[in-house]
Structure formats: C-alpha cells, structure tokens
Amino acid sequence: MKTVGYAAHSADAKLVPYHFERRALRPNDVAIDIQYCGVCHSDLYTVNGDWGPQPYPLVPGHEIVGVVSAVGPEVERYRVGDRVAVGCMVDSCQDCDQCRNHEEQYCRNGMTPTYGAPDRISGEITQGGYSKHIVVREAFVLRIPDSLDLARAAPILCAGITTFSPLRTWQVGEGTRVGVIGLGGLGHMAVKLAAAMGAEVTVISRSSRKEAEAKASGARGLLASTDRQAMQAAANAFDLIIDTVPVKHDLNVYTPLLDVDGSLVIVGQIGPLEAPMTTPLVFGRRRVAGSLIGGIAETQEVLDFCAEHQIYPECEMIRIEQINDAFARLAEGEFAHRIVIDMASLSVDGPAPGAAV
C-alpha cells in the first residue's frame, strides 16, 4: 500500500513529506485510513534523538484514529467502515506472562512501538500516524465507541491511558485524595479522569496562574509549589500524586505531601531526576513509582470510560503543514491542551518529495 506522511530524516531536521509503502495485509491485519493523529511530547523527543539514536527517516505519531479500509481473512472483530484507533504499540510477543496478563506494554520480550522499531516478522521499521494509512495487527486495534467524537478522541490513546493506568492501578475511587503535578497535556487528562472516578483532585503547579483551568478540568483547587507556607500546610494531604512533569526535576518538593502509604507515580519524565531524599519516604512509608501507558484491554477501558463520562482532551486542531511550528511550541513548554492533526489536510498523493513546507 503506497502512502504518504511527514517524516524526519535526521535529529536536527524538520518534518517533510515522505512517500513510503505500508506492508501488504497479513491474515490478521487491519488497514486503517487515518483521520486524526495527536501530537505528543514523546514524538518531539523521539524525533530529536533525545531518547537515543533513531532509524531515520521516521514518521512519528501514536495517537491514531480512523476508519477500517480493509481486513485480512483471519480478522474477526473488525469490518470495513468501523471506527478504530491505534495507540503507542502495535505488537508484542503475546506469549509471556505479562502479555497473557493483558499488560503488553511490559512484554518480557519487548513490545513493538508504533513507530521507530523493527516489525517482529519482517524487521522493517514501523512508521506512525502522521500519515494517511496504517496497517496493524488486529490484537492491537481498538474500537472507538460511537458516542466519542473522533476529532477529539486521539489523545486518549496516549495522554488518556498514561494517566488512567496508574489511577486504576492505585485503585482511585470516591474520596481518594489525588494530586496532579503539572497541568499540561497529560496533567489535564489526569485531573478529568480522577475527578470522574470520584477523587478529590488538586493540581500542583509552580504558580496559581492556571487555577481557573485546573478548576474547569475538575480540580477542587490548585496548590502552588513555590508557596512555602501552603506546601507545609499540605503535608500528608494526598493518597496519590501523579507526576506529569516531562523534564528533570526535584521530587523532594512533593514527597512530604503524601500521607502514610501514599505513592507518587512518575508518568512524565523518562530519564534522570534530582537525587531523592529518603527521609520522607522512610518516615512515612511513602513510595515513588513509575508507570508506562497501559495494555490493550486497559486502553479500550479508558476509551469506553471517556465515552461514558464524555471526557475529552482539550484539543487544538492543526493542518499537517503546521507540524513543525507545533513542535517548536511543544519545545518551549507545557500548555493545558493537546494538538491534533487533521489528516484530511494531507492528500493521498501528497506534496512532491522534498517540497517546501
């Protein structure tokens, strides 16, 4: 299947139109016409080589929604015309204990990311959703509930599941006291999801500037981490803190906010942090943990949960030719919404290779 997308050809290059081929359908494959694709900080970091060398040319994008255009002969769950989604992974071994436990993201043999990784069968490099079409194994295709707006659903495939999974793992429910550090793309989804679960949610931010946005997302209030008196008064105030900060930072500011047996879960930063002080951990039996996306079953659960509660990310729609500007804005800092590409802005034929953008 010939298709077109936008790819980076090196760590310091802009994304440009790129013509390539998707694999022919295997018996258990689903072909999808992509309608929308979310833009994630992970796309920026991966394309820039911040997480290590990449197999360029690279088409990013792992928040993908669209419509089934064809299915292999062994596909049972999907038909042409179905509304579907693809998230951060497109395969795993399907045989280890983690895969059998529906946690493919922790596959003992390594899950296959949606872009930038060798296909488990052919070895060709996976390419992501900044493109017109994608072909994915049926087991890694998700169903979009009829009541979800496709144009706003894409970020649920990453920002949604990344924050939903620890909320479920730590059994957040009615009355759970949840703090959310940061009100960016991940943080605002954490607030919405936790509030819908019945939690008492507080946003923790460097200043009170985003207090109105925090409350609009479902938070009871905002705690400014630079306000020493307010932070001291909030000691032991939370059962769970979701840390969405995507850069190196100091956890010691936040761990005293946990109650006894409380947990701070890192979902933003992948890499180094400031050295932790063990005193608040030891004297409060507090924990620092990490969490990666969720399995396929849990990702379907968050899609269904968002449909039931009509939870959507705050989305800004762009055309594909605006993607480099969007990356530049992401690099400048966090903002409390997600960017989504309307893939109707990319024609099937696409611009000529190397065309200016």
Side-chain angles (χ1 to χ4, degrees), residues 1-7 17-38 43 55 57-96 99-100 102 104-105 107 109-146 148 150 153-154 157-158 293 295-297 299-300 303 320 341-350 353:
M1 178 191 295
K2 292 183 178 180
T3 192
V4 63
Y6 266 51
Y18 174 58
H19 294 262
F20 64 104
E21 289 191 2
R22 294 291 188 184
R23 67 172 183 256
L25 282 178
R26 297 169 187 159
N28 61 355
D29 273 345
V30 176
I32 301 166
D33 290 342
I34 300 174
Q35 296 190 352
Y36 301 97
C37 186
D43 299 338
L58 189 63
V59 178
H62 58 209
E63 301 176 349
I64 302 165
V65 295
V67 175
V68 174
S69 59
V71 296
E74 295 179 7
V75 171
E76 298 179 350
R77 291 184 293 160
Y78 301 104
R79 297 180 180 179
V80 172
D82 284 351
R83 294 156 32 110
V84 294
V86 178
C88 302
M89 54 185 170
V90 292
D91 210 351
S92 70
C93 80
Q94 297 284 279
D95 189 50
C96 70
C99 288
R100 291 195 300 271
H102 305 293
E104 300 90 348
Q105 74 275 28
C107 175
N109 298 297
M111 60 89 165
T112 303
T114 304
Y115 61 88
D119 179 88
R120 301 184 79 85
I121 296 174
S122 68
E124 63 187 307
I125 299 301
T126 57
Q127 302 289 2
Y130 294 8
S131 59
K132 289 298 289 184
H133 313 95
I134 193 167
V135 176
V136 179
R137 181 177 178 171
E138 178 188 18
F140 286 79
V141 177
L142 300 139
R143 187 174 299 279
I144 297 288
D146 290 341
L148 270 185
L150 280 183
L157 279 302
C158 180
I293 54 171
I296 294 301
T299 306
Q300 187 64 62
L303 286 167
I320 187 66
I341 307 168
D342 181 354
M343 296 311 301
S345 62
L346 178 62
S347 72
V348 175
D349 295 331

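Each residue takes its place number in the sequence, starting with 1.
- Separating the OH atom in Tyr36 from the OG atom in Ser345 is a distance of 10.0 Å, to the nearest 0.5 Å.
- Residues Arg120 and Gly110 approach most closely at NH1-O, 2.7 Å, considering heavy atoms.
- Between the side chain of Glu21 and the backbone N or O of Met1, no donor-acceptor pair lies under 3.5 Å.
- Take Arg22 and apply the salt bridge (charged side-chain N to carboxylate O under 4.0 Å, His left out) test, not counting sequence neighbours, and it matches no residue.
- Side-chain N or O atoms of Lys132 include one that pairs as donor or acceptor with a backbone N or O of Leu346 at under 3.5 Å.
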**Request:** Using the side-chain contact (heavy atoms from CB on, under 4.5 Å) rule, take Lys2 and His19 through it: C-alpha gap first, then chi angles, then the decisive distance, then the call.
**Result:** CA-CA 7 Å; Lys2 292 183 178 180; His19 294 262; over 6 Å; no

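- Between the OH atom in Tyr18 and the OG1 atom in Thr3 there is a gap of 11.0 Å [rounded to 0.5 Å].
- Between Phe20 and Val4, the shortest heavy-atom distance links the atoms CE2-C, 4.1 Å.
- For the atom pair OG1 (Thr299) and CZ (Phe140), the distance works out to 10.0 Å, reported to the nearest 0.5 Å.
- Side-chain N or O atoms of Gln94 include none that pairs as donor or acceptor with a backbone N or O of Arg100 at under 3.5 Å.
- Annotation: side chain of Val136 is not in contact with side chain of Val30 (no heavy-atom distance under 4.5 Å).
- The backbone N or O of Val141 lies less than 3.5 Å from a partner atom in the side chain of Tyr78, making a donor-acceptor pair.
- If you take CE on Met343 and OG on Ser131, they are separated by 6.0 Å, rounding to the nearest 0.5 Å.
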When the side chains of residues 112-119 are checked against the rest of the protein, which donor-acceptor pairs come out under 3.5 Å, sequence neighbours left out?
| unit_1 | atom_1 | unit_2 | atom_2 | d |
| --- | --- | --- | --- | --- |
| Thr114 | OG1 | Gly87 | O | 2.5 |
| Thr114 | OG1 | Cys88 | O | 3.2 |
| Thr114 | OG1 | Met89 | N | 3.1 |
| Tyr115 | OH | Asp43 | OD1 | 2.6 |
| Asp119 | OD1 | Arg23 | NH1 | 3.1 |
| Asp119 | OD1 | Arg26 | NH1 | 3.4 |
| Asp119 | OD2 | Arg26 | NH1 | 3.4 |
| Asp119 | OD2 | Arg26 | NH2 | 2.8 |
| Asp119 | OD2 | Ile121 | N | 2.8 |
| Asp119 | OD2 | Ser122 | N | 2.8 |
| Asp119 | OD2 | Ser122 | OG | 3.4 |

**Prompt:** Would Ile341 and Tyr130 satisfy side-chain contact (heavy atoms from CB on, under 4.5 Å), going step by step from the backbone distance to the final call?
**Reply:** CA-CA 8 Å; Ile341 307 168; Tyr130 294 8; 3.8 Å; yes

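- The shortest side-chain heavy-atom distance between Leu303 and Leu142 falls under the 4.5 Å cut-off.
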**Request:** Check the pair Met111 / Cys93 against side-chain contact (heavy atoms from CB on, under 4.5 Å), numbers first and verdict last.
**Result:** CA-CA 7 Å; Met111 60 89 165; Cys93 80; over 6 Å; no

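- A salt bridge (charged side-chain N to carboxylate O under 4.0 Å, His left out) check over residues 61-77, counting only residues at least two apart or in different chains, returns the pairs Glu63-Arg338, Arg77-Glu138.
- In this structure, Glu104 contributes its side chain and Ile296 its backbone to a donor-acceptor pair below 3.5 Å.
- The shortest distance between side-chain heavy atoms of Val65 and Arg83 does not fall below 4.5 Å.
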**Request:** Could you walk me through whether Arg143 and Asp82 pass salt bridge (Lys or Arg N to Asp or Glu O under 4.0 Å), step by step?
**Result:** CA-CA 8 Å; Arg143 187 174 299 279; Asp82 284 351; 3.4 Å; yes

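- For Val59 against Ala7, the heavy-atom pair with the smallest separation is CG2-CB, 3.7 Å.
- Atom-to-atom distance recorded for Ile64:CD1 and His133:NE2 is 13.0 Å, nearest 0.5 angstrom.
- Residues Asp29 and Ala24 come closest through the heavy atom pair OD2-O, 4.0 Å.
- Two residues are said to be in side-chain contact when any heavy atoms from C-beta on lie closer than 4.5 Å; Ile32 and Val86 meet this criterion.
- Between Pro60 and Leu58, the shortest heavy-atom contact is CD-O, 3.4 Å.
- Scanning both residues, Cys107 and Cys96, for their nearest heavy atoms gives CA-SG, 3.9 Å.
- Considering CG of Asp33 and OG of Ser69, their distance stands at 4.0 Å, rounded to 0.5 Å.
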